[in-house]
Protein chains: 2
Amino acid sequence: MMSSTLRIKPPAPQVVNEQLAQADALCRERGSNLTPLRRQVLELVIRQGRPVGAYDLLDSLRTQGRGSSPPTVYRALEFLQQEGLVHRLPAQNTYMACSHPHHHHRGLIFTCSRCGQALELETPDLFGMLEDYARPHGFEISDDSLEISGVCPFCQEASRDAR
Amino acid sequence: MMSSTLRIKPPAPQVVNEQLAQADALCRERGSNLTPLRRQVLELVIRQGRPVGAYDLLDSLRTQGRGSSPPTVYRALEFLQQEGLVHRLPAQNTYMACSHPHHHHRGLIFTCSRCGQALELETPDLFGMLEDYARPHGFEISDDSLEISGVCPFCQEASRDAR
DNA sequence: TCATGTAATGTTATAGTATTACATTACGTT
DNA sequence: AACGTAATGTAATACTATAACATTACATGA
Ligand SMILES: [Zn+2]
Ligand SMILES: [Zn+2]
Ligand SMILES: [Zn+2]
Ligand SMILES: [Zn+2]
């Protein structure tokens, strides 16, 4: 990981706090336990404003004085994924904060293979179509998001400039 | 990896040979170089009849007397992916033979998170819809297949039996 | 023939990602 | 106080993938 490109600035502190407050509310409603550690990991993910690797999170935790090892961060990420607060991006081995955690959704995430930036969309028709393809084969979809890789507009422009 | 469940029997030798012959023809047409090593890896992937991990392939190569190390198999897989003969499944870190290598296609692959089995479908409408979602954001898709995880009918049945 | 360039493969080492297994702590219930 | 459970701490290890450099095979042309 440790990609240096940064096209989209990290969210303002106020926005971060709003998202965290929303997570607090969600977990309270559901009776799930957003502990200080889990909340701290979520905050780190949100502050990044882009997909981040588990070991980057681990480094940040350590910087913040939390004596941590891999299971610490993987457990927190697992919880956050179950709660729909974080998505895992398998093609990049990264994790990102969900853009719309307040309602259950199954979304599409575009990730740039050059800079690692990601964009999460609401795609009302997509999973319906996927279910239609799956049904005749008896397959039951469990993924709550779909990652697809490509090249973002910034990196496309960079390619053109290089020629 | 090393999942023991085997619901779908491996392809008959005749089918394997047909697929290999097709790969030979494709690469000859394109002027690409399907070397003995690459062809051997492809044969291993085809014979599995299901997604297989890189280190499993490595073990098989060694069994067959080919002195191999990780780069050997990763390089072969990279070539085979470029030629559209093999797909990588990021959520499982596995590789599978393309079901329709004879024509360029961008397909949908269902993978079972329980047993690892996979099913590749022709999905004429899917990538068009994905492009429609991507276009307004200037995003350019490069993936040639889309993996989505769920539970296959056999494993669903196993769950019901367990209750 | 023989130098040279290129593609492919061999080889060693290391980087990066994730899980297992077991110990400890915190806290509510009986 | 004893117990049970959820959460976290800790050490070790497994699994996946790439970097870097050496060697081989072979085509091409001097
Ligand atoms: Zn989301
Ligand atoms: Zn980009
Ligand atoms: Zn295919
Ligand atoms: Zn299954």
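Note that this is a predicted model, so its numbers are computed, not measured. In the text below, chain A, chain B and the rest are named by the order of the sequence lines, each starting its count at 1. Note that these values count all heavy atoms, side chains included, but never hydrogens, waters or copies made by symmetry.
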Return the value, rounded to whole Å, for the distance between atom CD of A/Q40 and atom P of D/dA7.
-> 17 Å
Do A/R38 and A/E83 have side-chain heavy atoms sitting under 4.5 Å apart?
-> no
In whole angstrom, give the distance that lies between atom CZ of B/R88 and atom P of D/dT16.
-> 10 Å
For the pair made of CD in A/Q92 and P in C/dG16, what is the distance, rounded to whole Å?
-> 16 Å
Out of D/dG9, D/dA7, C/dT9, which has the shortest distance to the side chain of B/R38?
-> C/dT9
Closest listed nucleotide, where the reference is the side chain of B/N33 and the choices are D/dT8, C/dG10, C/dA8 = C/dA8
Measure distances between side-chain N and O atoms of B/Y55 and base N and O atoms of D/dA14, and say whether any donor-acceptor pair falls under 3.5 Å.
-> no
Going by distance alone, is a donor N or O of one side chain under 3.5 Å from an acceptor N or O of the other, for B/R88 and B/Q81?
-> no
Please lay out, stage by stage, how B/S159 and B/R114 fare under the test side-chain hydrogen bond (donor to acceptor under 3.5 Å, both in side chains).
-> CA-CA 10 Å; B/S159 298; B/R114 306 263 174 86; 2.8 Å; yes
Contact class for A/R75 vs. all strands (heavy atom < 4.0 Å): base, sugar-phosphate, or nothing?
-> base
Starting at atom CD of A/E83, determine the distance to atom C1' of D/dA7, rounded to an integer number of angstrom.
-> 15 Å
So does B/R62 get a side-chain nitrogen or oxygen closer than 4.0 Å to the phosphate oxygens (OP1/OP2) of C/dG10?
-> no
For the pair made of CD in B/E78 and P in C/dT9, what is the distance, rounded to whole Å?
-> 12 Å
Between CG of B/L146 and NE2 of B/H87, what distance do you get to the nearest 0.5 Å?
-> 11.5 Å
B/T35 near the nucleic acid: base, sugar-phosphate alone, or nothing, with a heavy-atom cut-off under 4.0 Å?
-> sugar-phosphate
dist A/I141:CD1 -> A/R135:CZ (nearest 0.5 Å) comes out at 9.0 Å
So, is B/Y95 near the phosphate of D/dT16, with a side-chain N or O under 4.0 Å from OP1 or OP2?
-> no
Contact under 4.0 Å: B/N93 side-chain N or O vs C/dT17 OP1/OP2 = no
Provide, to the nearest angstrom, the distance between the CZ atom belonging to B/R66 and the C1' atom belonging to C/dT9.
-> 9 Å
Provide, to the nearest angstrom, the distance between the CG atom belonging to A/L37 and the P atom belonging to D/dT10.
-> 12 Å
Under 4.0 Å between a side-chain N/O of B/Y74 and OP1 or OP2 of D/dT18, yes or no?
-> no
For A/P71 and for A/F79, find the nucleotide of DNA chain D with the closest heavy atom, then tell me which residue's nucleotide is more 5'.
-> A/F79
Can you tell me the distance, in whole Å, between the CG atom of A/L58 and the C1' atom of D/dT8?
-> 14 Å
